Amino acid sequence: MREVLVVVDMQNDFLPGGALAVRGGDAVVPVVNLLAARFEHVVLTQDWHPPQHLSFASSHPGRRAFETIEAAYGPQVLWPDHCVQGTQGAAFAPGLSIAHAQLVLRKGFRAAIDSYSAFCEADGTTLTGLAGYLRERGFGRVVLAGLATDFCVAWSAVDARRYGFEVTVVEDACRAIDTSGSLAAARRRMNDAGVTLASFAAM
Ligand code: VGL
Ligand code: ZN
């Protein structure tokens with residue numbers, strides 16, 4: 001079966017020192033590079049928000065980061081401002097070395113809709129076009145790595161199953177934010193969706 005590696009949000013703001021730092025985010029850069037070298041086909045995703053994005057706590061006076069609000073489409077976790085379009089924080093990690101990546105897919109660019117998933121935005125209906133792209137190119141299996149395990153990786157993995165792909169998440173090529181039990185919940189949702197959780201050594 002033709003397979004593609006999707007590398008999720010390996011951006012400065014998710015590394016230590018960044019606006020929404022993921023613990024150990026820097027440690028997975030070399031692992032992701034090694035993993036990517038084994039794949040002929042690689043897609044990179046890039047979280048890409050306009051200033052004053054709905055997911056930013058700063059857009060909601062009186063609210064703080066990591067609180068949850070009720071958006072028009074359902075619950076939305078509020079984050080520090082991160083991955084603002086065109087900023088250094090939104091740029092790929094300097095150590096990321098995947099020159100052969102074939103597509104960079106940006107997501108979260110609509111002011112009023114977040115998008116953890118690389119396939120479908122948080123309103124549950126707005127598609128990014130990735131499923132169509134991967135299908136047209138004949139891929140049957142999607143392998144995922146990157147940041148963060150419990151948000152963009154997990155949502156992308158579950159959606160990839162929903163759109164009919166075989167899915168493997170390389171857990172040690174990912175790191176989690178883990179707020180309010182989000183990692184345990186994400187692993188449960190991935191298991192229930194039929195996502196295979198693997199280690200780099202098993203790849
Ligand atoms: C992400 C929270 C907000 C991620 C993106 O890449 O997992 N998490 N935006
Ligand atoms: Zn984001």
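Note that the structure is a prediction, hence the values are computed from the model and not measured. Counting starts at 1 for both ligands and their atoms, in listed order.
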Sub-6.0 Å ring centroid separation between His49 and Phe56: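 Centroid distance His49-Phe56: below 6.0 Å, so yes.
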
Ring-ring centroid check Phe39 His100, cutoff 6.0 Å: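 No, too far apart.
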
Ionic contact status for Glu121 with Arg110, cut-off 4.0 Å: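 Yes.
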
Cationic N near anionic O, under 4.0 Å, Lys107 to Asp9: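 Result for this pair is yes, salt bridge flagged.
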
Asp159 versus Ser156, side-chain donor and acceptor atoms under 3.5 Å: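 The criterion, which ignores hydrogens and geometry beyond distance, is not satisfied for Asp159 and Ser156.
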
Cluster companions of Phe165 among Ile, Leu, Val, Met, Phe, Trp, Tyr (side-chain spacing under 4.5 Å):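 Reading the cluster by chain and number, Phe165 sits alongside Val4, Val6, Val8, Val43, Leu103, Leu105, Phe119, Leu127, Leu130, Tyr133, Leu134, Phe139, Val142, Leu144, Val153, Val158, Tyr163, Val167, Val169, Met190, Val195, Leu197.
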
Sequence-distant partners of Arg63, salt bridge (charged side-chain N to carboxylate O under 4.0 Å, His left out), two or more places apart: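 Scan of Arg63 (salt bridge (charged side-chain N to carboxylate O under 4.0 Å, His left out), adjacent residues dropped) gives Glu67.
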
Donor-acceptor under 3.5 Å (His60 side chain, Leu54 main chain):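 Yes; at least one donor-acceptor contact below 3.5 Å.
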
Approximate separation, where rounding is to 0.5 Å, of Ser59 OG and Leu78 CG: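 One finds 8.5 Å between OG of Ser59 and CG of Leu78.
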
Ligand 1: protein residues within heavy-atom distance under 4.0 Å: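 Residues Asp9, Phe14, Leu20, Asp47, Trp79, His82, Tyr116, Leu147, Ala148, Phe151, Cys152, Ile177 each place a heavy atom under 4.0 Å from ligand 1, listed by chain and number.
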
Total protein N/O/S atoms whose distance from the Zn ion (ligand 2) is less than 2.8 Å: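 For the Zn ion (ligand 2), protein nitrogen, oxygen or sulfur atoms under 2.8 Å: 3.
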
